[in-house]
**Student:** 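Please see the structure below; I have some questions.
First the proteins, then the strands, lettered A, B, ... as listed; each starts at 1. As the structure is a prediction and not an experimental result, all values here were calculated from the model.
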Amino acid sequence: MDILNILTEGTAAAVRNLYGEEVAADKITLTPTRREFEGDYTVVTFPFTKIAKKKPDAIAEELGQYLLQNVEEVAAFNVIKGFLNLSISAEFWKNFLAETADDKQYGQLPANGQKVLVEYCSPNTNKPLHLGHIRNILLGWSVSKIYEAVGYEVVKVQIVNDRGIAICKSMLAWQKYGEGETPASTGIKPDHFVGKWYVAFEQKFKQEYADWQQSEAGQKLLAEKKNEKQPEDAFWKKYKNTYFNEHSTLGNEARDMLLKWEAKDEAVRNLWMLMNSWVYAGFEKTFEALGVSFDKLYYESDTYILGKDIIEQGQKDGIFFQKDDGSVWIDLTDKKLDEKLVLRSDGTSVYMTQDLGTAQVRNADFAPDKMIYVVGNEQDYHFKVLFEILKELKEPYADGLHHLSYGMVNLPDGKMKSREGTVVDADDLIAEVVQEAHTQGMERGEFQELTPEAQNDIAEFVGKAALKFFILRVKAEKSMVFDPKESVDMQGQTGPYVQNAYVRIQSVLRKNAGDLTAQAADYTEMSAVETSLIQQIYGYPATLQTAADNYDPAFIADYCYNLAKSYHRFYTDHSILKAESEAAKAFRLQLSKATANVLEKGMLLLGIGMPERM
RNA sequence: GGCUCUGUAGCUCAACUGGAUAGAGCACCGCACUACGGAUGCGGAGGUUUCAGGUUCGAAUCCUGACAGGGUCACCA
């Protein structure tokens with residue numbers, strides 16, 4: 001049984017026997033003992049003062065005595081200011097280590113028969129992926145891995161926003177100005193190629209708009225509509241959308257293309273398929289570089305019509321209501337969520353309609369027990385409403401929905417803005433960290449001696465570790481500052497630091513051929529650093545569970561860093577291969593193996609692989 | 001403005017979900033091991049946890065209010 005349970009139950013029994021009252025397990029606070037005090041776990045005795053009618057110190061003393069006598073694993077205790085510090089017997093830790101060291105399944109919970117569907121990434125197809133997508137992708141992938149580790153079957157899906165005005169802009173610009181260029185003819189990565197034409201459209205449009213502002217029609221409008229104290233450029237900025245929709249030639253052409261697309265015009269559809277195929281080929285490369293994959297892709301071009309039947313049924317059931325202009329709404333004001341449109345007056349769908357339909361399709365496809373949507377926090381409101389509607393509709397899966405909301409990624413000098421060209425491109429970033437890892441590797445003797453192929457492999461491992469760890473160590477809910485300079489750091493609280501602990505262990509293990517496991521039991525002089533390492537390894541399953549419960553890989557990243565840190569400390573404090581006794585050597589090899597095993601497992605949950613050398 | 005999230009060392013982040021003297025990394029200063037891999041270890045300096053009240057044995061954590069910042073309030077997605 002878990003030591004925390006043993007101690008909790010022991011404490012409950014102690015209170016029952018000493019003071020004659022039952023205490024619920026969740027009323028007993030049990031925490032790891034702070035490093036500056038003697039002991040492994042600490043019981044906080046303040047909550048018992050009312051029951052016992054004694055001072056905390058006296059209670060702690062009595063509980064300590066009881067636990068020492070009645071709980072086998074408790075080897076000693078001390079009391080400081082009402083805190084009862086318990087020391088667990090060395091035998092307990094050694095037994096645990098012996099069982100764990102070679103257990104490759106440690107930390108993998110048995111299948112629980114439940115299925116979870118994780119949606120992540122969900123890009124638009126008009127331009128390449130950027131830093132924001134990277135955070136999304138890493139979170140989605142990692143949460144998938146974490147759920148697999150706690151026993152779920154996981155289905156990873158993506159909804160591709162492959163239609164709409166944005167892709168039409170890329171299509172139109174390429175058609176008008178592309179002169180037959182292709183990714184192949186230019187050598188540009190295909191998704192970047194499509195993005196290039198999206199940017200081209202925006203530039204042409206901007207020029208057109210600027211020209212129009214100076215034209216007679218523009219000046220006339222300005223004179224009519226601009227209010228007194230508004231500066232001219234502010235007016236034009238605000239008017240931009242209206243201009244696009246009502247006056248712009250390019251805007252007209254793009255909208256015309258969208259209409260043709262909707263009418264299934266063959267030429268437009270062919271162009272659309274061609275450009276999207278380029279984008280997908282490009283995305284695939286980026287996914288590959290990040291080491292992620294999907295089990296099923298949903299396309300918005302298939303799903304955008306979905307959901308209407310749900311609205312219809314819901315209208316009959318009185319969940320939705322129709323306004324005079326024919327639009328359909330849901331009233332969620334009692335939930336403090338306002339009224340929300342679910343069908344336009346012309347009967348077409350909106351985003352919400354699609355999401356209702358998509359949820360239903362996914363349920364039909366996979367019948368998951370949970371669905372996790374990895375989407376940025378700018379859509380918090382949308383998902384609150386979506387989940388609420390599904391509840392009102394009494395969908396059977398409505399209780400298993402979760403929005404993994406994550407914060408924006410900002411740069412040191414502020415937000416990423418596509419208009420100002422400050423967006424950090426995903427491919428560039430990955431290439432940069434790998435290059436930096438290579439450069440730093442070349443400063444080391446061991447690295448220089450490897451073949452170029454091996455060097456490249458290691459640079460991939462190390463560079464990507466730096467990038468992924470840098471992003472995943474921040475709690476998902478918080479917005480984060482991404483400093484490109486810091487992201488390629490490989491010292492301190494970083495992915496490569498953790499890898500280095502693993503590599504050191506592999507190096508030691510390579511030099512030790514024999515199996516000495518049997519002798520480890522004879523080691524009796526466990527140091528504080530050694531005990532602490534075992535305890536941390538012991539805490540891995542609990543951390544894993546916390547990460548799953550909170551939908552947050554940051555717990556795993558933090559754990560791996562701390563474990564690596566403890567190992568580095570242990571490594572400099574103790575000799576392993578030249579240990580003072582055979583028993584010590586055997587024990588430390590065992591401890592090293594167990595550490596490496598857990599580090600590898602944990603980092604894999606973050607999508608970070610471990611090299612043998614670096 | 002309504003709703004919502006956030007505010008911790010110069011900077012980037014923690015704090016086991018209410019527990020002991022708020023911890024790490026970076027940057028800065030000073031050390032260590034002729035090394036089982038130095039992408040390491042140890043030490044120093046750095047804090048009124050934005051502010052003001054409250055709740056209680058105990059608050060960075062919960063409540064109220066202010067201040068500052070982000071997000072969102074489309075018949076866009």
**Student:** The side chain of A/Val474 is closest to which nucleotide in this list: B/U21, B/A24, B/A14?
**Tutor:** B/A14

**Student:** With ring centroids as reference points, do A/Phe387 and A/His403 lie under 6.0 angstrom apart?
**Tutor:** no

**Student:** I'd like the P distance from B/A24 over to B/U6, given in whole Å.
**Tutor:** 25 Å

**Student:** A/Arg35 side chain: which of B/G23, B/C36, B/A20 is closest?
**Tutor:** B/G23

**Student:** So A/Thr42, base contact, sugar-phosphate only, or nothing? Heavy-atom distance under 4.0 Å.
**Tutor:** base

**Student:** Just to confirm, is there a sub-4.0 Å distance from OP1 or OP2 of B/G70 to any side-chain nitrogen or oxygen of A/Lys478?
**Tutor:** no

**Student:** A/Met614 near the nucleic acid: base, sugar-phosphate alone, or nothing, with a heavy-atom cut-off under 4.0 Å?
**Tutor:** base

**Student:** Between A/Ser327 and A/Glu446, who's closer to the 5' end of RNA chain B by nearest nucleotide?
**Tutor:** A/Glu446

**Student:** Considering only NZ, NE, NH1 and NH2 on the basic side and carboxylate oxygens on the acidic side, decide whether A/Glu446 and A/Arg613 come within less than 4.0 Å.
**Tutor:** no

**Student:** Give a yes or no on whether a salt bridge exists between A/Arg163 and A/Glu262, defined as a side-chain N under 4.0 angstrom from a carboxylate O.
**Tutor:** yes

**Student:** Between P on B/C13 and CD on A/Glu477, what's the gap in Å once rounded to a whole number?
**Tutor:** 13 Å

**Student:** In chain order, what residues pass the side chain to side chain contact (heavy atoms under 4.5 Å, CB included) check against A/Tyr299, with sequence neighbours excluded?
**Tutor:** A/Val160, A/Asp162, A/Tyr280, A/Leu297, A/Ser301, A/Asp302

**Student:** Would you say that A/Met408 contacts A/Asn377 through its side chain, given a criterion of any heavy-atom pair below 4.5 Å between the two side chains?
**Tutor:** yes

**Student:** Between the base of B/A14 and the side chain of A/Asn562, is there any donor-acceptor pair under 3.5 Å?
**Tutor:** no

**Student:** May I ask you to say what A/Pro32 touches in the nucleic acid, namely base, sugar-phosphate or nothing, with a heavy-atom cut-off under 4.0 Å?
**Tutor:** base

**Student:** Atom pairs, N/O to N/O, protein against nucleotides 59-62 of chain B, distance under 3.5 Å?
**Tutor:**
none

**Student:** Going by an N to O cut-off under 4.0 Å, is there a salt bridge joining A/Glu388 and A/Lys384?
**Tutor:** no

**Student:** Quick check: on RNA chain B, is the nucleotide nearest A/Thr49 upstream (toward 5') of the one nearest A/Ser345, or the reverse? Name the residue that is more 5'.
**Tutor:** A/Thr49

**Student:** For nucleotides 17-19 of chain B, which of its nitrogen or oxygen atoms have a protein nitrogen or oxygen under 3.5 Å away, and what is each distance?
**Tutor:**
residue : atom : partner  : partner atom : Å
B/U17   : O4   : A/Asn550 : OD1          : 2.7
B/U17   : O4   : A/Asn550 : ND2          : 2.9

**Student:** To the nearest Å, how far apart are A/Glu486 CD and B/C26 C1'?
**Tutor:** 6 Å

**Student:** Distance-only criterion, 3.5 Å: show the donor-acceptor pairs between side-chain atoms of residues 469-495 of chain A and protein atoms not counting sequence neighbours.
**Tutor:**
residue  : atom : partner  : partner atom : Å
A/Asp483 : OD1  : A/Lys485 : N            : 3.0
A/Ser487 : OG   : A/Pro484 : O            : 2.8
A/Thr494 : OG1  : A/Tyr497 : N            : 3.2

**Student:** Looking for any heavy atom pair under 4.0 Å, which part of the strands does A/Phe470 touch: base, sugar-phosphate only, or nothing?
**Tutor:** nothing

**Student:** Using a 5.5 Å cut-off between ring centres and planes within 30 degrees, is A/Tyr351 stacked on the base of B/C76?
**Tutor:** no

**Student:** Are A/Phe77 and A/Tyr41 an aromatic pair, judged by ring center distance below 6.0 Å?
**Tutor:** no

**Student:** If you only use heavy atoms from C-beta on, which nucleotide in B/A77, B/C13, B/G37 is closest to the side chain of A/Glu300?
**Tutor:** B/A77

**Student:** What is the separation between atom NZ on A/Lys53 and atom C1' on B/C57, rounded to the nearest whole Å?
**Tutor:** 16 Å

**Student:** Does a side-chain N-to-carboxylate-O contact under 4.0 Å join A/Glu580 and A/Arg588?
**Tutor:** yes

**Student:** Return yes if some donor-acceptor pair links the side-chain N/O of A/Asn562 with the main-chain N/O of A/Asp558 below 3.5 Å, else return no.
**Tutor:** yes

**Student:** Is the distance from the ring center of A/Tyr19 to that of A/Phe48 below 6.0 Å?
**Tutor:** no

**Student:** Could you grab the distance from atom CD1 of A/Ile505 to atom CG of A/Leu509, nearest 0.5 Å is fine?
**Tutor:** 7.0 Å

**Student:** Flag the pair A/Asn276 / A/Val194 as yes when at least one side-chain heavy-atom distance between them is below 4.5 Å, and no otherwise.
**Tutor:** no

**Student:** Polar-atom pairs under 3.5 Å, protein N or O versus N or O of nucleotides 72-74 of chain B: list them with distances, or write none.
**Tutor:**
none

**Student:** Among B/C57, B/A77, B/A24, which nucleotide has an atom closest to any side-chain atom of A/Asn161?
**Tutor:** B/A77

**Student:** Nearest whole angstrom, please: distance from the C1' of B/C26 to the CE of A/Met490.
**Tutor:** 15 Å

**Student:** I'd like the C1' distance from B/U55 over to B/U64, given in whole Å.
**Tutor:** 11 Å

**Student:** Could you list, one pair per line, each protein nitrogen or oxygen that sits under 3.5 Å from a nitrogen or oxygen of nucleotides 41-43 of chain B, together with the distance?
**Tutor:**
residue : atom : partner  : partner atom : Å
B/G41   : OP1  : A/Tyr497 : OH           : 2.5
B/C42   : OP1  : A/Arg569 : NH1          : 3.1

**Student:** Report the C-alpha separation of A/Ser349 and A/Gln354 in whole Å, then their side-chain angles, then the decisive distance to 0.1 Å, and conclude whether the side-chain hydrogen bond (donor to acceptor under 3.5 Å, both in side chains) test is met.
**Tutor:** CA-CA 7 Å; A/Ser349 324; A/Gln354 291 176 44; over 6 Å; no

**Student:** Under 4.0 Å between a side-chain nitrogen and a carboxylate oxygen: does that hold for A/Arg569 and A/Asp573?
**Tutor:** yes

**Student:** Check every atom of B/G37, B/C13, B/A20 against the side chain of A/Thr33 and return the nucleotide holding the closest atom.
**Tutor:** B/A20

